[in-house]
Participant: 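Sharing a structure, written as structure tokens. Questions coming.
Keep in mind that what you see is a predicted model, and the values were worked out from it rather than measured. Remember, it's 1-based here, ligands and their atoms both numbered in the order they're listed. Every heavy atom of this structure was used, including side-chain atoms; hydrogens, water molecules and symmetry mates were not.
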Amino acid sequence: MNASAQDAVKDERAQYYRRISGQNMTPLWEVLGALVPKAPKSPVAPALWRYGEVREHVMEAGRLITASEAERRVLVLENPAMRGNSSITQSLYAGLQLIMPGEVAPAHRHTQSALRLVLDGEGAYTAVDGERTTMRRGDFIITPSWTWHDHGNLGSEPVVWLDGLDIPTVRFFDAGFAEHGAAALQQTARPEGDSLARYGHNMVPLDLDQKASEPTKVFVYPFAQTKEALTGIARTAPDAHFGHKLRYVNPATGASPMPTIGAFAQLLPGGFETQPYRCTDATVYVCLEGAGSATIGDTTYTFGPNDVFVVPSWHTLNLRASEETILFSFSDRPMQQALGLWREEKI
Ligand code: GTQ
């Protein structure tokens with residue numbers, strides 16, 4: 001075909017595309033490569049939030065709006081490549097929530113599942129379905145789908161934690177429901193520690209029979225226990241790709257604590273460098289202790305305590321610890337695994 005014949009074909013096709021566009025139709029052959037990629041091409045960008053740089057902004061929100069006025073006083077960590085979406089990855093949301101002394105974030109429930117990772121300050125609690133838990137730094141706390149929850153601060157200092165929710169996933173399914181509690185504070189139905197005693201000590205009540213898709217009734221994973229586990233396994237040689245890494249589980253089923261979000265904790269010995277690794281679950285990391293650097297694709301970030309960074313799907317991750325370091329992380333891995341989609345590659 002000569003050049004003018006080629007132009008004529010192009011022209012004819014363009015006119016055809018315009019005609020069918022009027023009927024809300026588009027030719028697959030123009031978009032097939034993007035729809036069915038050879039490998040994930042994520043619109044998510046690697047990013048890092050340095051706690052030292054954002055803390056002041058979080059604290060300023062405490063002067064500008066009350067927790068009850070805001071309902072939840074949170075600065076959303078928006079992926080820089082997806083501003084306006086309230087997403088840190090395609091499926092997950094993250095934010096920094098602040099609660100000032102004496103304040104209450106009123107009781108509500110929603111179909112979105114939430115996790116909290118306590119970062120800064122002491123004296124706050126979260127109440128989940130009638131039981132309060134005192135929030136201590138590094139504690140991993142969950143509020144599964146449709147459980148009542150409120151937060152309060154009985155102490156004398158501001159408290160900040162990281163929220164992780166499956167908001168974009170629930171939005172994708174258009175399955176979001178929410179309700180306000182009749183009162184700001186839930187009635188306490190059980191003493192603090194009851195759930196952990198009942199479900200969190202390798203024992204369960206006689207009649208408990210949970211399906212793998214049900215969330216755990218252990219709604220706090222105290223950091224003291226996590227650290228004991230990590231330092232315990234750190235007496236043996238680290239894994240080349242993960243260091244010393246464990247996943248949080250529903251102890252009654254072995255599945256993830258909540259069906260939509262997986263959570264992990266890992267210890268990297270001082271001076272340790274992980275071998276490059278990639279997986280399809282875009283992952284949010286939080287540095288709890290220590291310091292180091294993360295190379296995500298071709299971007300390198302240094303990180304220290306309370307810094308948050310995000311690794312997009314199928315981006316190579318390489319971690320270096322300049323001192324003994326503990327990282328918490330969460331992702332949508334259990335959803336991908338349930339759907340048979342999850343892949344990883346150890347490089
Ligand atoms: O604490 O219930 O960051 O409902 C976003 C939505 C926190 C919460 C968020 C929420 C909450």
Participant: Could you tell me whether ligand 1 has any atom less than 4.0 Å away from a heavy atom of Glu71?
Facilitator: no
Participant: Is any side-chain N of the basic residue among Arg132 and Glu192 closer than 4.0 Å to the acidic one's carboxylate O?
Facilitator: no
Participant: Between the main-chain N or O of Thr302 and the side-chain N or O of Arg50, is there a donor-acceptor pair closer than 3.5 Å?
Facilitator: yes
Participant: Would you mind listing which atoms of ligand 1 come within a distance below 4.0 Å of any non-hydrogen atom of Gln97?
Facilitator: 1 (O), 7 (C)
Participant: Could you check atom 4 (O) of ligand 1 against the protein and tell me its nearest heavy-atom contact, residue, atom and distance included?
Facilitator: His110 NE2, 2.8 Å
Participant: Side chains of Thr280 and Arg343: is there a donor and an acceptor less than 3.5 Å apart?
Facilitator: no
Participant: With no hydrogens and no angle check, just 3.5 Å: does a side-chain donor-acceptor pair link Ser86 and Arg171?
Facilitator: no
Participant: How does Gln112 reach ligand 1, if at all, at less than 4.0 Å between non-hydrogen atoms: by side chain, backbone, both, or neither?
Facilitator: neither
Participant: Would you mind listing which atoms of ligand 1 come within a distance below 4.0 Å of any non-hydrogen atom of Val74?
Facilitator: 3 (O)
Participant: How far is atom 5 (C) of ligand 1 from the closest protein heavy atom, and which atom is that?
Facilitator: Tyr93 OH, 3.4 Å
Participant: Quiz question: by atom type and distance under 3.5 Å, do the side chains of Asp150 and Trp148 form a donor-acceptor pair?
Facilitator: no
Participant: Taking 4.0 angstrom as the limit and counting only heavy atoms of His108, give me the atoms of ligand 1 inside it, by number and element.
Facilitator: 2 (O), 4 (O), 8 (C)
Participant: Just to confirm my output: which protein heavy-atom neighbour is closest to atom 7 (C) of ligand 1, and how far is it?
Facilitator: Asp163 OD2, 3.2 Å
Participant: Judged by atom type as modelled, is there a donor-acceptor pair below 3.5 Å linking the side chain of Asp239 to the main-chain atoms of His244?
Facilitator: no
Participant: In ligand 1, which numbered atoms sit nearer than 4.0 Å to a non-hydrogen atom of His151?
Facilitator: 1 (O), 8 (C)
Participant: What atoms in ligand 1 come closer than 4.0 Å to a heavy atom of Leu165?
Facilitator: 3 (O), 5 (C), 6 (C), 9 (C)
Participant: Report the nearest protein non-hydrogen atom to atom 11 (C) of ligand 1: residue, atom name, distance rounded to 0.1 Å.
Facilitator: Arg72 CG, 3.7 Å
Participant: Are a donor atom and an acceptor atom from the side chains of Tyr301 and Asp307 found within less than 3.5 Å of each other?
Facilitator: no
Participant: Would you say the side chains of Tyr93 and Gln112 form a donor-acceptor pair under 3.5 Å?
Facilitator: no
